[in-house]
Amino acid sequence: MQGIRLHSRDGIDAMVLEEFDLPAPGTGEAQIAVHAAGVNFGDTLMVTGQYQEKPDLPFSPGMEAAGEVIALGAGVDNVSVGDRVMGSIGYGGFAEAANVPAANLTPVPDDMDWATAAAFPVAYGTSHVALTYRSHLKSGEVLLVHGAAGGVGLTAVELGKAMGATVIATAGSDDKVALARDYGADYGINYSSEDIREKVLKYTGGADVIYDPVGGDAFKASLRCINFEGRIIVIGFASGDIPKIPTNYPLVKCFTVDGFVWGAYHRKKVAVIHEGYAGLQKIWATGALKPHISKRYPLANTADAMRFLLARKSTGKVVIETRE
Ligand SMILES: NC(=O)c1ccc[n+]([C@@H]2O[C@H](COP(=O)([O-])OP(=O)(O)OC[C@H]3O[C@@H](n4cnc5c(N)ncnc54)[C@H](OP(=O)(O)O)[C@@H]3O)[C@@H](O)[C@H]2O)c1
C-alpha cells in the first residue's frame with residue numbers, strides 16, 4: 001500500500017509518498033481502507049514534533065479520516081468489517097489504509113459522502129462539545145466566533161445558529177467574513193481593519209460565549225467585550241500568540257475562561273465524544289449542516305494541502321482523497 005510517511009520530524013518538506021506494509025491491527029484497533037482524510041492545523045504541528053502526540057518514526061500523519069473497516073484487532077466489538085466509519089484517529093490518515101483506535105470511530109451517515117465524512121469529526125465534534133458540554137450556550141445568547149471562516153470556526157458559526165444563538169463572526173478578510181455570514185452569522189467583523197470590541201459593543205452590547213481558535217489580539221479583545229457571567233472557550237492559537245490573562249478581568253466582570261481539547265476527551269472521557277456525535281447525527285439529519293470543503297488534493301499532494309492551510313488560503317476544511 002501507499003502512504004505519506006515521515007522518517008524524521010523535519011516538517012512538511014520531509015514527507016514522502018512511499019510503499020510500505022501495514023501490520024495487522026493490534027488489540028483495540030480497526031484497520032480501515034481510508035477513502036478521505038481531513039487536514040488539520042494540528043497535522044502541521046505533528047510533522048515538526050510540536051504537537052503533544054509524537055508517534056514513533058517512521059509514521060504517516062493524518063489525524064482524521066473516513067473509510068471502510070477491512071479488519072479487526074482483538075477486543076473490538078463496536079464496529080464490524082464493512083462498516084463505513086469516520087473519526088479522530090491520532091495519526092495515519094494520509095495513507096491508503098490505517099490501523100486506528102476503534103473506540104474513536106463513529107458511523108458515517110448513509111447520505112454523507114467520503115470527503116464530507118473526512119471533514120466532519122474534528123471540526124464539528126470540537127465545536128459541538130465546546131459549545132454544549134463546556135460552554136452551555138443557550139438559545140438567545142450572543143456567541144462571538146473568532147477565525148470564523150476556518151475549519152473549526154465555521155462549524156461553530158453553523159452550530160451556534162442551530163442552537164438559537166445570535167452569532168458574530170470575526171475573520172481576517174472581507175471574503176472570509178462574507179463566507180461566515182453565508183453560513184448564518186448575524187454580524188461580521190474583519191479584524192484586519194475593524195476593532196473587535198467596538199463592533200461587538202455596537203452590534204449586541206457584548207458577547208455571552210466566545211469561541212476562540214485564534215488567540216493573540218482576538219483573545220485580548222474578548223476580555224473587553226465579554227458579558228457578565230460570560231464564558232470564553234479557548235480552542236487554539238492559530239495566530240501563534242498564546243495570550244496571558246490579567247486575573248482581575250474575570251474577577252471584576254464575573255466571567256470564566258475554559259479550555260477544551262478534543263483529543264484529551266478521547267483519552268479521558270470518550271463517552272462525551274460519542275454523546276457529541278449522537279447530537280451531531282441528529283442535527284445532520286435535519287439538513288442544517290453544510291460542511292464546507294475549500295479544496296481537495298490527491299494523496300501525492302498532501303504537502304501542498306498542508307501549505308495551503310498554513311498560508312491562510314483555506315476556508316472551512318481541506319481534504320485528501322486517497323482513492324482517485
Ligand atoms: N481544542 C481542540 O480540540 C482543537 C480542535 C481543532 C483545532 N484546534 C486548534 O484550532 C486552531 C484552528 O484550527 P483549524 O483546523 O480550524 O485551522 P484553520 O482551518 O487553518 O483555521 C485557522 C483560522 O485562524 C485564523 N488565523 C489567524 N491568524 C492566523 C495565522 N497566523 N496563521 C494561520 N491562521 C490564522 C485564520 O483565519 P483568518 O485568516 O480569517 O484570520 C484561519 O481561518 C488551531 O490552533 C488548532 O490547533 C483545536
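One-based numbering, in listed order, for ligands and for the atoms of each. Any value given below was found using the heavy atoms of this structure, including those in side chains, with hydrogens, waters and symmetry copies removed.
- Closest to atom 41 (O) of ligand 1 among all protein heavy atoms lies Y191 OH, 2.6 Å.
- Looking at I235 against ligand 1, both its backbone and its side chain come within 4.0 Å, counting heavy atoms.
- Between G172 and ligand 1, a contact under 3.5 Å exists for at least one N or O pair.
- Counting heavy atoms under 4.0 Å from ligand 1, residue L45 does not touch it at all.
- Between W262 and H266, the two ring planes are perpendicular [angle over 60°; tilted spans 30° to 60°].
- Using bins of under 30°, 30° to 60° and over 60° for the plane-to-plane angle, the ring pair W114/H35 lands in the parallel bin.
- Under a 4.0 Å N-O distance rule, the pair R267/E53 does not qualify as a salt bridge.
- Residue contacts with ligand 1: K176 is placed with a nitrogen or oxygen under 3.5 Å of a nitrogen or oxygen of the ligand (distance criterion only).
- Note: an N/O pair closer than 3.5 Å links G151 and ligand 1 by distance alone.
- Taking the ring centre of F308 as origin, the terminal cationic atom of K295 falls inside the region bounded by 6.0 Å and 45° from the ring axis.
- With contacts defined as side-chain heavy-atom distances shorter than 4.5 Å, the pair S222/H146 qualifies.
- For ligand 1, the polar-atom distance check against A171 finds no nitrogen or oxygen pair separated by under 3.5 Å.
- Within 6.0 Å of NZ on K138 lie more than 12 heavy atoms contributed by other residues, nucleotides or ligands.
- Looking only at protein heavy atoms, the nearest one to atom 1 (N) of ligand 1 is F260 O, 2.7 Å.
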